[in-house]
Amino acid sequence: MSRDRRGFDYALEPMRSVTEWEMNDVGRALAGQNAAAAIQENTVNQLLHSFAAARSDVLLQRQMHPVLNIDAQRVAHAYMVQVQQQLVSENAQLHILQQERDETFATLNSLRKFADNLDRNKEMAAKEYDQQIVKQVYQQSDDSWLQRLHWRENS
């Protein structure tokens with residue numbers, strides 16, 4: 001049931017507004033972090049594919065040529081080491097981005113819980129206000145009835 005709450009003033013409304021603004025800011029930051037983590041994950045996947053392709057090329061070359069070409073093996077090994085080092089570095093960066101994203105997500109969840117609690121508190125305060133208004137209306141009605149009764153007796 002919707003009541004007229006024009007006189008209702010929630011004391012924690014400024015805190016609700018600030019919390020909502022913080023949630024919006026954290027949500028935007030989380031979206032940016034999700035995008036950065038997705039890009040980094042794509043980079044890691046590309047490096048994994050490059051490493052797998054280089055490895056399969058080396059194995060194929062070994063199978064096709066019974067005599068090893070030391071220079072070609074050295075170049076292939078150097079490339080694979082470089083890709084592997086790059087993969088370790090990019091994986092570490094991905095892990096850092098994921099941790100930051102998880103921390104931001106936890107912050108957003110705590111802000112949401114706080115905002116939900118404020119909303120519940122506001123609704124409870126509004127219900128108390130409604131009860132107070134109803135009580136005042138009944139009190140005014142009783143006073144009016146008593147005044148009319150007194151007026152009729154004296155008239």
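Since we're looking at a predicted model, the values are computed, not measured. Each residue takes its place number in the sequence, starting with 1.
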Indicate yes or no: at least one non-hydrogen side-chain atom of [X] is less than 4.5 angstrom from one of [Y].
| X | Y | value |
| --- | --- | --- |
| Arg101 | Leu30 | yes |
| Trp145 | Asp142 | no |
| Arg120 | Asn117 | yes |
| Glu13 | Lys122 | yes |
| Glu100 | Ile96 | yes |
| Gln140 | Ser144 | no |
| Gln85 | Val81 | yes |

Check your understanding: Does the side chain to side chain contact (heavy atoms under 4.5 Å, CB included) test come out yes or no for Arg112 and Leu108, once each step is laid out?
Key -> CA-CA 6 Å; Arg112 280 186 181 149; Leu108 182 62; 3.6 Å; yes

Review point. Name the one of Gln86, Glu90, Gln93 that satisfies side chain to side chain contact (heavy atoms under 4.5 Å, CB included) with Thr43?
Key: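 One option only clears the test, and that one is Glu90.
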
Mind listing the closest non-hydrogen atom pair of [X] and [Y] along with its distance?
| X | Y | answer |
| --- | --- | --- |
| Ser50 | Tyr79 | CB-OH, 4.0 Å |
| Val58 | Ala76 | CG2-CB, 3.4 Å |
| Met80 | Phe51 | O-CE1, 3.7 Å |
| Leu87 | Val44 | CD1-O, 3.7 Å |

Point to revise | Check: Ser141 side chain, Val137 main-chain N or O, donor-acceptor pair, under 3.5 Å | key: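 Side chain of Ser141 to backbone of Val137, a donor-acceptor pair under 3.5 Å: no, none is there.
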
Review point. Where the side chain of Thr19 meets the backbone of Met15, is there a donor-acceptor pair that is under 3.5 Å apart?
Key: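 Judged by distance alone, yes, a pair lies under 3.5 Å.
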
Can you hop from [X] to [Y] via hydrophobic side chains spaced under 4.5 Å?
| X | Y | answer |
| --- | --- | --- |
| Leu12 | Tyr129 | yes |
| Phe8 | Ile133 | yes |
| Phe114 | Tyr10 | yes |
| Leu97 | Phe105 | no |
| Leu47 | Leu94 | yes |

For the [atom1] atom of [X] and the [atom2] atom of [Y], what is their distance to the nearest 0.5 Å?
| X | Y | atom1 | atom2 | value |
| --- | --- | --- | --- | --- |
| Gln99 | Thr104 | CD | OG1 | 11.5 Å |
| Gln33 | Glu103 | CD | CD | 8.5 Å |
| Arg16 | Asn121 | CZ | CG | 10.0 Å |
| Met64 | Asp57 | CE | CG | 11.0 Å |
| Lys127 | Gln131 | NZ | CD | 9.0 Å |
| Thr107 | Glu22 | OG1 | CD | 10.0 Å |

Point to revise | Sequence neighbours excluded - salt bridge (charged side-chain N to carboxylate O under 4.0 Å, His left out) pairs with any residue from residues 29-42 | key: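 Counting only pairs at least two positions apart or across chains, no salt bridge (charged side-chain N to carboxylate O under 4.0 Å, His left out) contact touches residues 29-42.
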
Review point. Is the closest side-chain donor-acceptor distance between His77 and Gln73 under 3.5 Å?
Key: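 Gln73 and His77 do not have a side-chain donor-acceptor pair below 3.5 Å.
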
Exercise for review: Please determine if Arg28 and Asp25 form a salt bridge, counting it only when a charged side-chain N lies under 4.0 Å from a carboxylate O.
Suggested key: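 A salt bridge links Arg28 with Asp25.
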
